[in-house]
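Everything on this sheet refers to the single structure shown next.
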Number of protein chains: 2
Amino acid sequence: MVYSQVVDTTKTQKAARGEGPRERLLRAAGTLTYREGAHVGIDAILTSADVARRSLYQHFGGKDGLVAEVLREASERTEQGYSDALASGGDDPRTRLRALFAHLETVPDAPGYRGCPFVNADLSLADPAHPAHDVIRAHKRRLRALLEAELRAAGHPDPVTAGVQLMLLIDGAAVTAASRPDEQPAAAARALVELVISQTAPAS
Amino acid sequence: MVYSQVVDTTKTQKAARGEGPRERLLRAAGTLTYREGAHVGIDAILTSADVARRSLYQHFGGKDGLVAEVLREASERTEQGYSDALASGGDDPRTRLRALFAHLETVPDAPGYRGCPFVNADLSLADPAHPAHDVIRAHKRRLRALLEAELRAAGHPDPVTAGVQLMLLIDGAAVTAASRPDEQPAAAARALVELVISQTAPAS
DNA sequence: TAGTGAATCGACCGATCGGTCTACTTTGTG
DNA sequence: CACAAAGTAGACCGATCGGTCGATTCACTA
């Protein structure tokens with residue numbers, strides 16, 4: 001917690017001058033771990049971020065902490081993206097869900113797409129004690145809860161199962177899009193998503 | 001093909017005496033790369049296989065070759081498993097598909113389950129030039145073709161898309177079962193699988 | 001029984017890993 | 001201006017990485 005106005009001013013000035021080492025580290029680590037995998041060397045990250053070795057350990061305690069924090073902040077952005085996409089669909093839960101999946105369908109088209117960063121990290125980090133696993137699990141649970149809430153609002157008879165189903169389709173399509181995009185997994189998933197959504201009570 | 005009785009005897013003797021270095025390497029590498037991830041050290045594999053360093057390079061040319069061969073042989077076994085499971089369902093394509101997925105549903109219950117070995121390897125090996133990627137892609141394509149053939153035989157109006165859909169559910173459920181088994185992804189997937197199967201023409 | 005090829009052991013290579021540490025510079029504040 | 005905090009630069013640590021190689025042992029065959 002920050003009380004002093006002075007400290008506040010300082011932070012603002014620093015932010016205004018550009019990103020600090022912490023932000024540069026997070027950005028570089030996010031880019032490199034996604035592109036090169038979670039096993040990129042620390043040196044590559046430091047070089048890319050143009051940050052001293054020591055700063056990494058002061059801010060994040062080590063590589064594991066940095067990776068976990070990268071995913072934690074990314075999860076916030078992703079969840080915000082889901083919320084925004086849902087909101088773009090208006091008030092009807094079915095329309096909102098369709099808007100969300102219409103948005104998700106465009107994600108794999110981005111150049112350099114390599115699948116869901118969270119799934120990739122989860123499967124790449126073999127050590128079950130790695131702090132990133134908790135971050136990822138919690139993130140995926142929140143996404144599922146988001147879908148579940150929409151399905152419940154739409155009157156789906158089993159919103160819990162249906163939420164899991166939508167997540168299965170999202171993750172499955174991401175995995176497939178990363179390695180065999182020619183199979184057009186997003187389109188295939190879309191049809192099943194529509195089936196799940198249409199299991200809800202027709203608009204009253 | 002083996003013609004000579006002498007050679008046969010020799011091979012039998014070798015097999016009877018135990019697995020050769022090549023087999024021990026494949027077994028150890030398969031176990032370790034699945035459990036510890038594709039980044040296990042060569043020394044760990046050699047120690048576990050009780051094989052000399054040199055033998056690895058003579059048989060597989062290097063670590064990448066070993067990993068690729070592990071996946072190649074595993075893919076044969078997996079595809080045989082799919083065929084057997086389908087066959088256990090008799091002649092009706094719908095029954096056959098249901099038998100297959102009933103079998104797949106039990107896979108994540110195995111102790112030490114960590115998801116689909118092929119998906120895990122595909123996502124862990126960041127280098128797109130790694131020989132394992134081709135092996136995995138081909139394997140997944142053959143599985144999809146297997147499903148597609150059943151769906152076509154069952155009279156599904158769009159067996160290609162439906163095949164991709166079933167694969168999405170399989171891979172999505174595997175990923176989820178590995179990190180959040182409490183969500184019971186297999187059961188959730190099963191319901192959608194049934195929907196896809198039931199899209200086929202009812203038994204004539 | 002002599003010989004051949006495969007498999008073994010283990011030293012060794014340069015490179016890189018994650019992490020620690022000292023010394024110096026910069027920055028903004030009191 | 002003086003000072004404390006933060007950042008930088010870079011040497012250094014032990015460990016491990018994938019890979020090469022010489023020397024030896026072993027099994028099987030001719």
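Letters A, B, ... mirror the listed sequences (proteins, then strands); counts begin at 1.
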Atom-to-atom span, [atom1] of [X] to [atom2] of [N] - whole angstrom:
X       : N      : atom1 : atom2 : result
B:Asp43 : C:dC9  : CG    : C1'   : 13 Å
B:Asp64 : D:dG19 : CG    : C1'   : 12 Å
B:Leu25 : C:dA6  : CG    : P     : 16 Å

Classify A:Arg24 by what it touches in the nucleic acid, base, sugar-phosphate, or nothing, heavy-atom distance under 4.0 Å.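 Touches sugar-phosphate only.
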
Donor-acceptor contacts under 3.5 Å from residues 36-52 of chain B side chains, at least two apart:
| unit_1 | atom_1 | unit_2 | atom_2 | d |
| --- | --- | --- | --- | --- |
| B:Asp43 | OD1 | B:Arg53 | NH1 | 2.4 |
| B:Asp43 | OD1 | B:Arg53 | NH2 | 3.3 |
| B:Thr47 | OG1 | B:Asp43 | O | 2.8 |

Which residues in residues 46-61 of chain B have a heavy atom closer than 4.0 Å to any atom of DNA chain D?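 Correct list: B:Arg53, B:Arg54, B:Tyr57.
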
Can you sort out which residues in residues 27-42 of chain A have a heavy atom within less than 4.0 Å of DNA chain D? Ascending by number, please. none

The salt bridge (Lys or Arg N to Asp or Glu O under 4.0 Å) partners of B:Asp134 (sequence neighbours excluded) come to B:Arg137

Going by the ring-ring contact (aromatic ring centres under 6.0 Å, His included) test, which pairs reach into residues 49-75 of chain A, not counting sequence neighbours?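 Sorted result for residues 49-75 of chain A: empty, none.
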
For a quick test of your reading: what N or O donor-acceptor pairs under 3.5 Å do the side chains of residues 182-195 of chain B make, sequence neighbours left out?
| unit_1 | atom_1 | unit_2 | atom_2 | d |
| --- | --- | --- | --- | --- |
| B:Asp182 | OD1 | A:Arg141 | NH2 | 3.4 |
| B:Asp182 | OD2 | A:Arg141 | NH1 | 3.0 |
| B:Glu183 | OE2 | A:Arg144 | NE | 3.1 |
| B:Glu183 | OE2 | B:Arg180 | NE | 3.0 |
| B:Arg190 | NH1 | B:Glu105 | OE1 | 2.9 |
| B:Glu194 | OE1 | B:Arg98 | NE | 3.1 |
| B:Glu194 | OE2 | B:Arg98 | NE | 3.0 |
| B:Glu194 | OE2 | B:Arg98 | NH2 | 2.8 |

List, one per line, each side-chain donor-acceptor pair under 3.5 Å for residues 111-124 of chain A, sequence neighbours excluded.
| unit_1 | atom_1 | unit_2 | atom_2 | d |
| --- | --- | --- | --- | --- |
| A:Arg114 | NH1 | A:Tyr34 | O | 2.7 |
| A:Arg114 | NH1 | A:Arg35 | O | 2.9 |
| A:Asn120 | ND2 | A:Arg114 | O | 2.8 |
| A:Asp122 | OD1 | A:His133 | ND1 | 2.6 |
| A:Asp122 | OD2 | B:Ser179 | OG | 3.4 |
| A:Ser124 | OG | A:Asn120 | O | 2.9 |

SB check B:Glu69 B:Arg27 (cutoff 4.0 Å): no

Contact list for residues 75-85 of chain B, test salt bridge (charged side-chain N to carboxylate O under 4.0 Å, His left out), sequence neighbours left out: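 Passing the test, one end in residues 75-85 of chain B: B:Arg72-B:Glu76, B:Glu79-B:Arg142.
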
For B:Asp64, which residues count as a side-chain contact (heavy atoms from CB on, under 4.5 Å) partner, sequence neighbours excluded?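 Per chain and number, B:Asp64 pairs via side-chain contact (heavy atoms from CB on, under 4.5 Å) with B:His130, B:Pro131.
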
